[in-house]
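Read through the structure below, which is laid out as structure tokens, and then see the notes.
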There are 2 protein chains.
Amino acid sequence: MMKHKDDLILSHQACFPLYALSREITTIYRPLLDALHITYPQYLVLMVLWENEGQTVNQIGERLRLDSGTLTPLLKRMELKKMITRKRKESDERSVEIHLSPSGKALKKEAAKVPAQMVEALGISDEEVNQLKRIANKILDKIKDRGN
Amino acid sequence: MMKHKDDLILSHQACFPLYALSREITTIYRPLLDALHITYPQYLVLMVLWENEGQTVNQIGERLRLDSGTLTPLLKRMELKKMITRKRKESDERSVEIHLSPSGKALKKEAAKVPAQMVEALGISDEEVNQLKRIANKILDKIKDRGN
DNA sequence: TAAAATTAGATTGTACACAACTTAATTGGC
DNA sequence: GCCAATTAAGTTGTGTACAATCTAATTTTA
């Protein structure tokens, strides 16, 4: 029989460390990404596009689990910085295709050193990184499989 | 010798699942906390105060790793909702003490069922929750011990 | 002890997040 | 073929986050 008397103690919470760590990691990314004039969510969008050019807003959103309310203004800022172009699809005018500009493509080379810099800056072992990645993905998959 | 050729692939990243999971969890919290008319960060502030009444903005911020730029407006919203009061400290007028109002204290009873509801809603095993908590805290501690 | 340094909050400005809603294009039934 | 339902983005409004800066109070130190 479990007791729930002390459930509302911060240090007993599991979700708070996750929330705090997620923010800490963004803070560690910041100086590395500042050098490329991008934010962390913009970096994620670029990674999605480097992997597969010309995806629609929806496709990017599914990958990153972000909706148009977040993506539309974010993509507009990236367009202003000449990293991407936004164009209505010919075959379906509802969709907007996001294409990398030459400078957006070129950014990939500059970003190539970011992952290694992060491992260095985080100062944690590969083992720990992999554990975290594995369990986070496991839980994410479970959440994804039911509702969405 | 490690290869870094594929480091910029989203599915190889460790930080993205963390970022995505953190947001998913907030989404799962939302309906539970909506019933109490609070947001997740406000819930965290309340937990800090339920544990120890009358802390200053700084003390709350250290606990939650949030600065006054985030906390001041958040606390003002909580004050508007009559959950807390904000009062300059007599002994040091720079500091602001945050006190729970009667309804802020009463909220604790209503929130008592939230942790169990979360475990239920998350639908993951205690084992997984604990693993995640343990490793996130381990990494957080490492980050805390150096930088600040 | 008076000026300099530090500290605590507040403010400003930018950038996410996300719910709720709107608009326009497409699709599915009939 | 037409209309209802669906879909994709965009818009609106609220609430974080956080860097940078400001202001006022307190400490330090010369």
Side-chain angles (χ1 to χ4, degrees), chain A residues 16 19-31 33-34 37-46 55-81 83-84 86-98 148, chain B residues 16 19-31 33-34 36-46 55-81 83-84 86-98 147-148:
Chain A
F16 171 66
Y19 158 82
L21 182 56
S22 177
R23 286 186 293 118
E24 290 292 345
I25 285 179
T26 307
T27 301
I28 296 174
Y29 262 116
R30 204 180 318 277
L33 298 181
D34 274 355
H37 310 296
I38 53 176
T39 64
Y40 182 61
Q42 289 171 16
Y43 173 65
L44 293 176
V45 166
L46 286 174
Q55 292 186 68
T56 66
V57 174
N58 245 12
Q59 289 172 322
I60 296 169
E62 252 175 60
R63 205 70 197 287
L64 301 181
R65 296 161 167 275
L66 291 170
D67 68 8
S68 68
T70 300
L71 283 176
T72 296
L74 187 155
L75 291 168
K76 281 182 177 174
R77 284 187 289 271
M78 292 178 78
E79 188 181 35
L80 272 178
K81 288 187 283 191
M83 292 170 180
I84 59 159
R86 298 158 67 243
K87 197 179 59 164
R88 290 276 163 191
K89 226 169 148 175
E90 302 259 320
S91 62
D92 187 342
E93 294 274 346
R94 288 173 305 180
S95 299
V96 170
E97 276 177 352
I98 308 299
N148 53 355
Chain B
F16 170 66
Y19 157 80
L21 181 55
S22 177
R23 286 185 292 118
E24 289 292 345
I25 285 177
T26 307
T27 300
I28 296 175
Y29 262 115
R30 202 181 320 276
L33 297 181
D34 274 355
L36 310 183
H37 309 294
I38 54 177
T39 63
Y40 182 62
Q42 290 170 15
Y43 173 65
L44 293 176
V45 166
L46 286 174
Q55 294 186 67
T56 66
V57 174
N58 246 10
Q59 288 171 321
I60 296 169
E62 253 174 59
R63 205 71 199 286
L64 301 181
R65 297 163 167 273
L66 292 170
D67 68 8
S68 67
T70 300
L71 282 176
T72 296
L74 187 155
L75 291 167
K76 282 182 177 174
R77 283 187 287 271
M78 292 178 77
E79 188 182 34
L80 273 178
K81 287 187 285 190
M83 293 170 179
I84 59 160
R86 298 157 66 245
K87 198 179 59 165
R88 291 274 165 192
K89 227 170 148 174
E90 302 259 320
S91 61
D92 186 342
E93 293 273 346
R94 289 173 304 180
S95 298
V96 170
E97 276 176 353
I98 308 299
N148 51 0

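Note on naming: letters A, B, ... go to the chains in the order of the sequence lines (proteins, then strands), and numbering restarts at 1 for each one.
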Rounded to whole Å, please give me the gap between [atom1] in [X] and [atom2] in [N].
X	N	atom1	atom2	value
B:Lys76	D:dT16	NZ	P	14 Å
B:Glu93	D:dT23	CD	C1'	14 Å
B:Leu74	D:dT14	CG	C1'	12 Å
A:Gln55	D:dA9	CD	C1'	16 Å
B:Asp67	D:dT16	CG	P	14 Å
B:Leu33	D:dT16	CG	P	11 Å
A:Glu24	D:dC18	CD	C1'	12 Å
A:Glu79	D:dA9	CD	P	14 Å

Starting from the 5' end of DNA chain C, give me the residue, B:Asp92 or A:Glu90, whose nearest nucleotide shows up first.
B:Asp92

Given DNA chain C, 5'-ward residue of the pair A:Gly69 and B:Arg86, judged by closest heavy atom:
B:Arg86

Classify the ring geometry of A:Tyr29 against A:Tyr43: parallel below 30°, tilted from 30° to 60°, perpendicular beyond 60°.
tilted

Could you pull out all residues at least two apart from A:Glu79 that satisfy salt bridge (charged side-chain N to carboxylate O under 4.0 Å, His left out)?
A:Arg86

Any non-hydrogen side-chain atom of A:Leu33 less than 4.5 Å from a side-chain atom of A:Tyr40?
yes

So A:Val45 and A:Leu71, do their side chains get closer than 4.5 Å, heavy atoms only?
yes

Using a cut-off of less than 4.0 Å, is there contact between a side-chain N or O of A:Asn58 and OP1 or OP2 of D:dT7?
no

Please confirm whether the shortest side-chain N or O distance from B:Arg77 to OP1 or OP2 of D:dT14 is below 4.0 Å.
no

Atom CG in B:Asp67, atom CG in B:Asn58: separation rounded to 0.5 Å?
10.0 Å

Counting the atoms with a prime plus P, OP1 and OP2 as sugar-phosphate, which does [X] contact under 4.0 Å by heavy atoms, base, sugar-phosphate, or nothing?
X	answer
B:Lys89	nothing
B:Thr56	sugar-phosphate
A:Ser68	base

Take A:Arg94 and A:Arg23, find for each the nucleotide of DNA chain D with the closest heavy atom, and name the residue whose nucleotide sits nearer the 5' end.
A:Arg94

Between A:Arg88 and A:Thr27, which residue's closest nucleotide on DNA chain D lies nearer the 5′ terminus?
A:Arg88

Please identify the 5'-most and 3'-most nucleotides of DNA chain C with any atom under 4.0 angstrom from a heavy atom of chain A.
C:dA15 to C:dT26

Under 3.5 Å donor-acceptor, B:Arg23 side chain and A:Arg65 backbone
yes

Tell me if the CD atom of A:Glu93 is crowded by more than 12 foreign heavy atoms within 6.0 Å.
yes

Does A:Lys81 NZ have over 12 foreign heavy atoms under 6.0 Å away?
yes

Whether the side chain of B:Thr39 and the base of D:dG15 hold a donor-acceptor pair under 3.5 Å is what I'd like checked.
no

